Amino acid sequence: MTGDRVFDPVLKKSVEIVDILSRKIRFTEGDRALHAAFWPLRVGPCALGPHMPQEVVYVSPGQTVFSVAGTNSLKALEHCSALELAEQSFDIQTCVMHEVEYIALFTELPQIMNVNGLLLQSYSYVALYVSDAQCGLLRQRGGHSPWSAL
């Protein structure tokens, strides 16, 4: 819910969810190939590292996902889209569905969230309304970013 807090394991602090948006996509037989890029990806247990995730998690193909790249250190995080990771792992597969609902969590700035052991990036509420230069100025004035901790 808006106003709830989620824990950022890199910053080691909780951050507030400032907005939640959802979108439903329905697929028909005729447009499945056209919309294959919208199908969710199934990330199997331990697909990205020890306990990453702990159980199956479904994500959008464009979702930024983090892995520890063979180490157990959050300092060695690598990130890319879930679709890019699917090309590198046998335990991340496309799920063919008739309908999917994606839910996006927004925080003030992009944050890393632990979702059942899978590290995902929240969407930036600030980035929706201000330019990259204004985001940089906000950080200089005391805003924070998960990238400064890496």
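Note that the coordinates shown come from a computational prediction; the quantities given were computed from them, not determined experimentally.
Residues passing the side-chain hydrogen bond (donor to acceptor under 3.5 Å, both in side chains) test with Thr2, sequence neighbours excluded: none. Scored by the side-chain hydrogen bond (donor to acceptor under 3.5 Å, both in side chains) test, Arg23 finds no partners at all (sequence neighbours excluded). The side chain to side chain contact (heavy atoms under 4.5 Å, CB included) search around Glu55 returns Asn116, not counting sequence neighbours. By the side-chain hydrogen bond (donor to acceptor under 3.5 Å, both in side chains) test, Ser122 is found to be paired with Thr107, residues two or more places apart in sequence or in another chain being considered. For the side chain to side chain contact (heavy atoms under 4.5 Å, CB included) test, residues two or more places apart in sequence or in another chain that qualify with Leu120 are Val59, Gln63, Val65, Val115, Leu118.
For the atom pair Arg26 CZ and Glu99 CD, the distance stands at 4.0 Å (nearest 0.5 Å). Note that the CG atom of Leu119 and the CE atom of Met52 stand 4.0 Å from one another [nearest 0.5 Å]. The line from CG of Asp8 to CG of Leu109 is 11.0 Å long, rounded to the nearest 0.5 Å. Between His51 atom NE2 and Asn114 atom CG the span is 12.0 Å, to the nearest 0.5 Å. Between Tyr123 atom OH and Thr64 atom OG1 the span is 6.5 Å, to the nearest 0.5 Å.
Applying the salt bridge (Lys or Arg N to Asp or Glu O under 4.0 Å) test to residues at least two apart or on different chains, the pairs with a partner in residues 38-49 are Arg42-Asp91. Listed by first and then second residue, the salt bridge (Lys or Arg N to Asp or Glu O under 4.0 Å) pairs that reach into residues 112-121 come to none, sequence neighbours excluded.
The hydrophobic cluster around Tyr58 extends to Val56, counting ILVMFWY residues whose side-chain heavy atoms fall within less than 4.5 Å of a member.
Between Tyr102 and Trp39, the shortest heavy-atom distance links the atoms OH-C, 3.2 Å. Between Pro40 and Pro61, the closest heavy-atom pair is CA-CD, 4.5 Å. Pairing each heavy atom of Ala47 with each of Pro53, the nearest pair is N-CD, 4.2 Å.
At a threshold of 4.5 Å between non-hydrogen side-chain atoms, the residues Leu105 and Met113 count as touching. Under the 4.5 Å side-chain criterion, counting only non-hydrogen atoms from C-beta, Ile103 is not in contact with Leu21. Side-chain contact between Glu16 and Glu108 is absent, with no heavy atoms from C-beta onward closer than 4.5 Å.
Following chains of ILVMFWY side-chain contacts shorter than 4.5 Å, one cannot reach Ile17 starting from Phe7, and the two form parts of different hydrophobic clusters.
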